[in-house]
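So that the names make sense, note that chain A is the first sequence line, chain B the second, and so on, each numbered from 1.
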There are 2 protein chains.
Amino acid sequence: MLTAAPDTASQILDIAERLVQTRGFNAFSYADIAAELHVTKASLHYHFPTKAELGRHLIDRYRTAFVAALDRIDRSGGDSNAKLRAYVQIYAEVLDDGRMCLCGMLAADYVTLPPTMKEAVRGFFDANEAWLAETLRSGRKKKELAFAGSPVAAAQALVGALEGAMLVARMHANPARFRSASRRLLAAYAAGSRASRAAAPA
Amino acid sequence: MLTAAPDTASQILDIAERLVQTRGFNAFSYADIAAELHVTKASLHYHFPTKAELGRHLIDRYRTAFVAALDRIDRSGGDSNAKLRAYVQIYAEVLDDGRMCLCGMLAADYVTLPPTMKEAVRGFFDANEAWLAETLRSGRKKKELAFAGSPVAAAQALVGALEGAMLVARMHANPARFRSASRRLLAAYAAGSRASRAAAPA
DNA sequence: GTCTATAGGTGGATAGAC
DNA sequence: GTCTATCCACCTATAGAC
C-alpha cells in the first residue's frame with residue numbers, strides 16, 4: 001500500500017495540525033504555515049478560505065484517523081485490558097512527538113472557537129467516550145475488567161484524566177510521567193487487581 | 001477582617017485572571033481589560049508594563065491564594081480523605097464559575113509563554129504536587145488512605161487527572177461531570193474501599 | 001494554483017501632556 | 001495615575017494578474 005505524494009491541502013493540514021497541537025489555535029497564523037511550506041499566505045486561502053474552515057478540516061481528519069485506530073484495536077483480537085493499553089498508547093505516541101492531543105488543546109481554546117469547530121471538538125470526545133464506554137461495558141461483562149458505576153461515567157472520567165495527564169506531562173517535557181499516570185489509571189479497571197471495585201457510582 | 005477597597009492593580013488582575021481562565025493567555029488583550037475597567041490601554045501599561053509581567057503577577061497571586069487554601073485544609077482537622085475532598089472542592093468551585101484552573105489553562109499555552117511565566121507555572125504545579133504527595137504519604141501511614149506506588153507519582157497522576165477532568169467538563173459546560181470524575185478518582189485512594197490497592201508502582 | 005499587493009483591523013507598547 | 005495620540009508589527013482575508 002503506497003503512500004500517495006501528499007497534495008498541498010494535506011501538507012497544509014499536516015503543518016497546521018502540529019502548530020495547533022503545540023501552540024494552540026489562537027497562537028498560530030497563516031504566516032507560520034506559509035513560511036514552513038514556502039508559499040504565500042494567499043495560496044493558503046485558496047485551499048482553506050478561512051481559518052475556521054481550516055480548523056474544521058483539521059478536527060475531521062484527526063477524528064477519522066482516531067476512529068480508524070480504534071477500529072484496528074477492535075480487530076486486533078486482544079482482551080479488554082490489551083485494548084485499553086492500546087488506546088492509551090495512541091495518546092502516548094502523540095505525546096512522544098512533543099504534541100498535545102489536538103482536541104485536548106482545542107478544549108482549552110474552546111470558548112474562542114468558531115461554532116462549527118466547537119461542534120466538531122465535542123463530536124471527537126463523544127466518539128472517544130462512546131468507544132471507551134462500549135469497551136468498558138463489554139470488558140466488565142466478560143469479567144476482564146471490573147469497576148463501579150456506569151461505563152459511560154467511567155469512560156468520561158478516563159478521557160479527561162488522560163487528556164490532563166498529557167497536558168501536564170507535555171509541560172514538563174516528560175512523556176514518562178504520562179505513562180506512569182496512565183498505568184495507574186488503567187490499573188483501577190483491571191479485574192485481576194484489587195483496585196477494581198471502586199467506590200460508589202456517579 | 002474587612003476587605004479593603006480594591007486598588008486598580010488588583011482590579012486589573014481580577015479581570016485578567018478571569019480572561020486567562022476562560023480564553024487563554026493568547027486570546028485576551030489589554031483592550032479587553034481596558035474596556036471592562038473603563039480605562040485606556042495606556043493606563044494598564046502603567047501598572048503592568050508588559051503582558052509577560054502581568055502574567056507573572058497573575059500566577060504568583062493565584063499560587064499564593066492556592067497555598068493559603070491548602071494551609072486552611074491542613075488546619076481544618078479533617079482526616080486524609082476529607083482533606084482530599086476539600087482539595088478537589090477548590091477545583092470544583094473554580095469550575096462552577098465557568099473557569100478553568102489558571103495554571104491548567106497556562107499549561108495548554110505553555111509553549112508560547114515568556115520564560116518567566118513558564119517557570120512560574122511549573123512552580124504552581126510543583127507546590128500542588130508537593131502538598132498532595134505529603135497528604136497522600138501521611139494518609140497512607142495513618143491507614144486512612146491506601147494506594148500503590150510512591151506518593152509523588154500518585155500526586156502527579158491525580159493533579160493531571162483533575163486538570164483534565166476540569167478541561168473536559170468546562171467544554172461541556174457540565175460541572176457535574178467533574179464531580180463525578182473526581183469522586184471516582186478519590187475513591188481509588190480511600191482505605192475503606194476495595195479500590196485502594198492499585199497496580200504496580202510507577 | 002500561486003503570485004503581488006493591499007485592505008482593514010487589532011496586537012503590545014511608548015511619548016508626553018495633564 | 002490617567003489621558004490622547006501614535007508607532008509598528010502582525011493578523012485574517014480579498015482582488016486581480018499570471
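The side chain of B/Lys41 approaches C/dA13 more closely than any other nucleotide in the set D/dT12, C/dA13, C/dC3. Listed candidates were C/dT14, C/dA13, D/dT2. Nearest to the side chain of B/Tyr30 is C/dA13. Candidate nucleotides D/dC11, D/dT14, D/dT2 were compared by shortest atom distance to the side chain of A/Ala42, and D/dT14 ranks first. Here the side chain of A/His47 is nearest to one of C/dG1, C/dG12, C/dA15, namely C/dG1. You'll find that the side chain of A/Thr40 is closest to C/dT4, out of D/dC11, C/dA13, C/dT4. The side chain of B/Ser43 has D/dC3 as its nearest neighbour among D/dC3, D/dA13, C/dC3. Considering only side-chain atoms of A/Tyr46, the nucleotide from C/dA13, D/dC11, C/dT2 that sits closest is C/dT2.
Residue B/His45 contributes atom NE2, which lies 12 Å from atom P of C/dA15 at whole-angstrom precision. Spacing between atom CD1 of B/Ile33 and atom C1' of C/dG11 amounts to 13 Å, rounded to whole angstrom units. Between the CZ atom of A/Phe28 and the P atom of D/dC10 there is a distance of 17 Å, given to the nearest Å. We find that NE2 of A/His38 is positioned 18 Å from C1' of C/dG1, with the value rounded to whole Å. One atom, CG of B/Leu113, and another, C1' of C/dG12, lie 16 Å apart when rounded to the nearest Å. Distance CG (A/Leu44) to C1' (D/dT14): 14 Å, rounded to an integer number of Å. Atom P of nucleotide D/dG1 and atom CG of B/Leu37 are separated by 14 Å, given to the nearest angstrom. The CZ-C1' distance, from A/Phe48 to C/dT2, rounds to 16 Å in whole Å.
Between B/His57 and B/Phe48, the angle of the ring planes goes over 60°, which puts this pair in the perpendicular group of the 30/60° scheme. B/Phe66 and B/Tyr62 have tilted rings, their planes meeting at an angle from 30° to 60° on a 0 to 90° scale.
A donor-acceptor pair shorter than 3.5 Å can be found between the side chains of A/Asp7 and A/Ser10.
Cation-pi geometry between A/Arg170 and B/Tyr110 is not satisfied (NZ or CZ under 6.0 Å from the ring centre, within 45° of the ring normal). Figure legend: B/Lys51 and B/Tyr30 shown without cation-pi pairing, the cationic atom not lying both under 6.0 angstrom from the six-membered ring centre and within 45 degrees of its axis.
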